[in-house]
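What follows is a set of notes on a single structure, which appears directly below.
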2 protein chains.
Amino acid sequence: MNYDSYELLENTLRLGGYSVTKQRRLVFELLLKHEPQAMHELYERSIGRLDRASLYRIIALFERLGIVQKLSMGWKYKLELSDMFTGHHHHITCLKCGRVIPIKEDLSIERFITSIAQKHRVSAVKHQLEIQGYCNSCREHDHPLTV
Amino acid sequence: MNYDSYELLENTLRLGGYSVTKQRRLVFELLLKHEPQAMHELYERSIGRLDRASLYRIIALFERLGIVQKLSMGWKYKLELSDMFTGHHHHITCLKCGRVIPIKEDLSIERFITSIAQKHRVSAVKHQLEIQGYCNSCREHDHPLTV
DNA sequence: TATTTATTTGCAAATTTGTTGCAATTTTAT
DNA sequence: ATAAAATTGCAACAAATTTGCAAATAAATA
């Protein structure tokens, strides 16, 4: 489906000195298809084709190589392809249905990050803004918008 | 040490219909003393004075009552007293030493959140910005500032 | 392409993290 | 001080994550 992504995956693996295996391709495919998902979702989707231990090892490797990033959702986390594949973005999570809405408009955030990092004499490597609330359709049911 | 905080704790518990026990006071004290810490750190600090199951129950209660908030640090989480005690703030985490620096200057962030929420027709309940990088002293050693 | 070498996988067992039921203890209300 | 209600500790359980190692697969070489 997405030639460029697969090429990027394979090059990244090879450059790091790792092999391209069918299990690694599978995990990548699942991430490409379903975007932010929990470890157990990823595991369920791969059942029969991949062992749990290997899944954890592959995710750890992908993380080290910057192929995957862990997205904190409250105190749990989900996995998604890194900015390398998707472009940098932030997220809004619906507290009711769990839907994750990606947000791209981060111009002012970037400025904010830069100035904060400077002020605290920190070299910022990455940042992530997480907003939690109720999405349009969930709000209509139980949480009539009062603001 | 901090009379007001303890009073606030006790009132919050009582108002919710819960008792003030020495275990709950202990957990609160530890949170007051060491700020953002992982569950296992909290547990280790309380060993001999508190059972693991009770610790989890107390944290769950504190969370329900808004006394404590879970702070996602990458894909793990740490616990800290809620905004009710500390005021709303964000964090910078050092990728080397793990130090957590609280940041308070969130004027532009708040504006950003509001406009984003409006655009996506989401009612935002809470938000958290997490910056990861290298703090001043860690950077000086291994990561000379190039920017 | 066949073979050798190096890497990766699956499996089983271990560890770590979080949860639950219930009797004993502590707190609160009387 | 006592009774009633809430909370704790304990032990067992369940879920999430990690590890060692032999078997299988991918990469390198001939």
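Chain letters run A, B, ... following the sequence lines, proteins first and then strands; every chain starts at 1. Just so you know, these numbers use all the heavy atoms, side chains as well, and skip hydrogens, waters and symmetry mates.
In this structure, the side chains of S72(B) and E130(A) come closer than 4.5 Å at one or more pairs of heavy atoms.
Minimum heavy-atom separation, P102(B) to H89(B): CB-CD2, 3.9 Å.
Evaluation of the side chain to side chain contact (heavy atoms under 4.5 Å, CB included) rule for K22(A) yields R25(A) as partners, not counting sequence neighbours. For A117(B), the side chain to side chain contact (heavy atoms under 4.5 Å, CB included) criterion is met by A124(B), not counting sequence neighbours. Contacts of E110(A) classified as side chain to side chain donor-acceptor pair (under 3.5 Å), with partners at least two apart in sequence or in another chain: H127(A). Looking at residues two or more places apart in sequence or on another chain, you find no side chain to side chain contact (heavy atoms under 4.5 Å, CB included) involving N11(A).
Among pairs with a residue in residues 22-59 of chain B, those fulfilling ring pair (Phe, Tyr, Trp, His ring centres under 6.0 Å) read Y6(B)-F28(B), F28(B)-F85(B), at least two apart in sequence or across chains. Identified under the salt bridge (Lys or Arg N to Asp or Glu O under 4.0 Å) test for residues 37-46 of chain B, with sequence neighbours left out: none.
We find that CZ of R24(B) is positioned 9 Å from C1' of dT8(D), with the value rounded to whole Å. The separation between L26(B) atom CG and dT7(D) atom P is 17 Å, rounded to whole Å. Counting to the nearest Å, the P atom of dT8(D) and the CD1 atom of I59(B) are 12 Å from each other.
For the helix from dT1(C)-dA30(D) to dT30(C)-dA1(D), the rotation axes defined at the first and last 5 base pairs enclose an angle of 40°, given to the nearest 10°.
Using a cutoff of 4.0 Å between basic side-chain nitrogens and carboxylate oxygens, E29(B) and K33(B) are not scored as salt-bridged.
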Could you pull out every donor-acceptor pair under 3.5 Å between side chains of residues 57-69 of chain A and any protein atom, sequence neighbours left out?
from, atom 1, to, atom 2, distance (Å)
E63(A), OE1, K70(A), NZ, 3.3
R64(A), NH1, Y18(A), OH, 3.2
Q69(A), NE2, E80(A), OE2, 2.8
Q69(A), NE2, D83(A), OD1, 3.1

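Side chain of K104(A) to main chain of H88(A): a donor-acceptor pair is present (N/O by atom type, distance under 3.5 Å, no hydrogens or angles).
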Output one letter per nucleotide in nucleotides 10-20 of chain D: B when a protein non-hydrogen atom lies under 4.0 Å from the base, S when only the sugar-phosphate is that close, - when neither is.
B-----SBBBB

Where along nucleotides 24-30 of chain D does protein come under 4.0 Å, by heavy atom, of base (B) or sugar-phosphate alone (S), with - for untouched nucleotides?
--SS---

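Residues from residues 42-49 of chain B with heavy atoms under 4.0 angstrom of DNA chain D, sorted by number: R49(B).
Counting Ile, Leu, Val, Met, Phe, Trp and Tyr side chains that sit under 4.5 Å apart, directly or through other members, L15(B) stands alone, with no cluster partners.
One hydrophobic cluster, built from ILVMFWY side chains closer than 4.5 Å, cannot hold both M73(B) and I101(B); they sit in different ones.
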